[in-house]
Amino acid sequence: MKTATQLADILKKKILILDGATGTELQKRGMPAGTCPELWTAEHPEVQEAIHNAYINAGADVIYTPTFGGNTFKLQEYGYEDVEALNRKLASVARKCADSADHPVLLAGNIGPCGKFIQPFGELDLDEAVRQFKRQIQGLLDGGVDMFAVETQIDIQEARAQVIAIRELCPAFIIATMTFEPNGRTLNGTTPEAALITLQSLGTDAFGSNCSAGPKEMLEIIRRLKPLAEIPLVAKPNAGLPFIEDGKTKFPMGSQEFGTYAQKFAQAGVNFMGGCCGTSPDHIKQLAVQMAECSPISAVPKDHLALTSSREVLITYSDSPLHIIGERINPTGKKKLQAELRDSNFTTVQNMAREQRNAGAELLDVNAGMPGIDEKKTLLTIISLLAPQSNLPLVIDTTNPEAAISALRLYPGRALLNSISGEETRLKTLLPEAAKYGAMFILLPIRGNHIPATAEERITIVEDIYRQAQKFGFRKKDILVDGLAMTVSADPEAAAEALKTIKWASSNGFGTVLGLSNISFGLPERKWINSAFLAMASQNGLSHVIANPMEEVLMRTKYASDLLNGKDKDGTKYIAISANSAPSQQITPQKAESPEEALSQGIINGIRDDIQLAVRQTLEKGLKPSDILTGIMIPAIIKVGDLYEKKEYFLPQLIASAETMKSAFSILAPKLETAASGNKGKILFATVEGDIHDIGKNIVILMLKNYDFSVIDLGKDVSAEKIIEAAKKEDPDIIALSALMTTTMIRMPEVMKKAADAGIRATFMLGGAVVTKEWAESLGAYYSANGVEAVRIAEKIMERTK
Amino acid sequence: MAVSTNFVEINIDIPYNRILSRLGYRKSSSSMLSCQLQNFQTIMEEAAAFIHLRGAYSICSFTPTETGILLETGDRIDGKLPMLMARESEKALIMAATSGRKIMEEISSLQKTDMSKAVIYDATASEITDSGLDWIMHYVSTMMKRMGGQVSRKRFSPGYGDLELKNQKSLYRILELDKLGIDITASCILVPEKSVIAITGII
């Protein structure tokens, strides 16, 4: 077995060549389609040896065991149970090939996806997944692998689970590669940078991409990763983008062309390179020949702090703007949230997450500490809920070590733990666990009940905790030092001491943080104190603040402070924020010069806000209600209909205008001399039996009502009998039927026949996604495709039946 | 034997352009104030927060018949589209996606107060559900690629073309969609409404 330390010297001198595709090579050598590759290979060791030897002879420095699908879950699909034995056997064959090579060859135990998604993305329990992965890993270790290759992952949580499983068994070198889509993310939405930081923090020794696409596309991924990578980078591209020919998948890139990419990948900073789907020993040979001319580049990434969600990374350099950690997901003092958490209702939590993100938070603090609930269970539920949805990294905020450890294990990214203080038991419990899961932590410079009043005392505690943290591999950039904002109303020196602590920590290479609002506790108009303190702390080097991003004054102070501290280059963010909030800068419809124009424009633009005021002002000017309706409102809605038919307007605009018309009409109707609505005719409307879709019908009804039709809406899933009964009672001019499915549209002729049998003389108008003009007309009914057409057809029917 | 795999949390980006397109927006002809566009996007994001996209798939062997295909589960799927699929494929990928019940409750209540918003919610749910099927096809394709397999680009759903809606019953059973909180009515309609079953071939 090889560790990262043992491979470090080799990797400084040489870019190691990995092998190429195994699956397609097995097929070339006779493996039938539909069989389990691992089981078939175990029965054909001569084929396995031939493939390994071909890659070794081509120049591979690392060969992978043919155990991509050798996990419990995949093997179960073929009814096979002895996971350890199969992996051991396949690894042993590969071991022999590696040992008999004419150059040093390392053997990597290959671990692929298990075909199931793990919590919080799927139903598979994380601990169960880890337990099962360990069976494969143990088998591979017993078979003599030097290292592991976790590959083709699209789910960051599965990659985490496999790395955790390996680390819980041994210190062997781990390569982890993920598969990225053309949009630069895994299918589950994780960016290469987020995956790198998450897995690098977790203890992966090399990271990169495999499969995905051809070398051209993968090169961009390696270039993106290099500025952040503290570990070697890996590329295992396909032989170009696949296409189908004669019913078979083919890859377009030949071995010569594949080899030409060696130099580009070396310059991009790759340390391991091989091939994935569509590559062969020829591809690897060309790659090895070309790569022999290249050397690994040594580049140390610019110092940064890094946290991740399951999808995105948040990088903090020394000149980055201040990051807001949204503080609102915390039940303390929030009765509604407390009640909801007691009932396991997480609606407010989700809303708070969304609102804080929209308000500018870049991280979300998550706290579930309150009496009367199971804190650990609630915290894990919140993480399971937010982690898949939120792009923002989570801050796990708990004083309960058991809850903290479980949350760190579950969180599918690199979390920030809030917090670790100086008590021996807390340090002993939390430091190793935070290190194991690769978390950053907030260092709270207190011990037990003693809160040090001066910066000097706090610094002593910081130095002491840091010394202990170093033993677990923590560096300064893995820690945010809390400056300890204590209430200034109790201690006039509280602000100064916190600022001194922040300044010291920042200038000594730590990240920094403050729980801002403590400073103003007990004082009136706290927002001013908080904002002023934020500006002062920002100037003293504060990198993160736990605060409420919904506080506008606070957020504006943050953006202004970033600008003044040179952390907002060219004031881009400040100007953008200011532009978005200045009313004069908003793009609004042209200002109307009269109430009549405002009314017309309001309907045409579908802006309801002041429409009733416009109607009242028009009436106050002395215009007759009937003239307002026929001279302003009807022409406006007709114009909207025209715009819709010309496709200048689309559906939401049409409906917004119709609803604006409806709102205006509600003011005008009582003042009209004749009956206000229903003059044009009576329509009975229903979605037919078996069909539950009704939004289309409701849109058409809205339009018809706007055009002065009286509409009786029978709803959805309405039986023919009910329609006939209503028709007898209401005696409508038109019966309109809607259906969305081919299976339910056949109810339409049934209704029409029953209506005819019952002597109902109303005209039928049919519509819905699957209904066509030809079909409706073949039944003797009118057809309308949409709301605007329905109005026109209804008017035509009324004209004819006059 | 066909095994159903569930995805209880599918993560996709909001397909803004597809939603606009579904609502009838045409870049070449539609005119819209930029504040309206911004507002529409905000509404789509609001809608997405009510959507819990989940899905399931199963890979089934089949035998071509004179009228369609016979799945290994013993279910017949008749029609020209399955016959077409049988010509180029060896196995069928059966899948389903749902946006969940919460979004339907929201759409239902919005129709009483704000129809234009309801329509955007409705289109967002439809397109996200459809994107869920794209996601499943892509997932399976990624898994199949290394064995030289690929998922056909075209998929079809019961109720469209000549693939009768009654097929939804057997596909529902194969996918065990009750586990995803989806019901099927006597007339073979999936509830919640924004749920779709589809079938395609594996080449």
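Proteins come first, then strands; the chains are lettered A, B, ... in the order of their sequence lines, and each starts at number 1. Hydrogens, waters and symmetry mates play no part in the numbers below; they use all other heavy atoms, side chains included.
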Item to check | Gap separating the NZ atom of B:K102 from the OG1 atom of A:T347, nearest 0.5 angstrom | outcome: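 Answer for the NZ-OG1 pair, B:K102 versus A:T347, is 4.5 Å.
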Checklist entry - Between atom CE of B:M115 and atom CG of A:L651, what is the distance when rounded to the nearest 0.5 Å? => result 9.5 Å
Could you look at [X] and say if it's the side chain, the backbone, both or neither that has a heavy atom under 4.5 Å from chain A?
X: B:T42; answer: neither
X: B:I136; answer: neither
X: B:I107; answer: side chain
X: B:L165; answer: both
X: B:L23; answer: both
X: B:Q150; answer: both

Checklist entry - Under 30°, 30 to 60°, or over 60°: which ring-plane class applies to B:F7 and A:F117, parallel, tilted or perpendicular? => result perpendicular
Item to check | For chain B, the option from A:P652, A:G696, A:G189, A:G122 that forms the most heavy-atom pairs under 4.5 Å | outcome: A:P652
Next on the checklist: Heavy-atom pairs under 4.5 Å with chain B - which of A:K116, A:E181, A:E77 has more of them than the others?
Outcome noted: A:E181
Keeping the roles fixed (side chain from [X], backbone from [Y]), state whether a donor-acceptor pair exists under 3.5 Å.
X: B:S116; Y: A:Q653; answer: no
X: A:E123; Y: B:V8; answer: no
X: B:S30; Y: A:F650; answer: no

Item to check | Sub-4.5 Å side-chain heavy-atom contact between B:T185 and A:D717 | outcome: no
Next on the checklist: At a heavy-atom distance under 4.5 Å, which candidate from B:S28, B:S29, B:C188 has the highest pair count against chain A?
Outcome noted: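 Looking at each of B:S28, B:S29, B:C188 in turn, B:S29 comes out on top.
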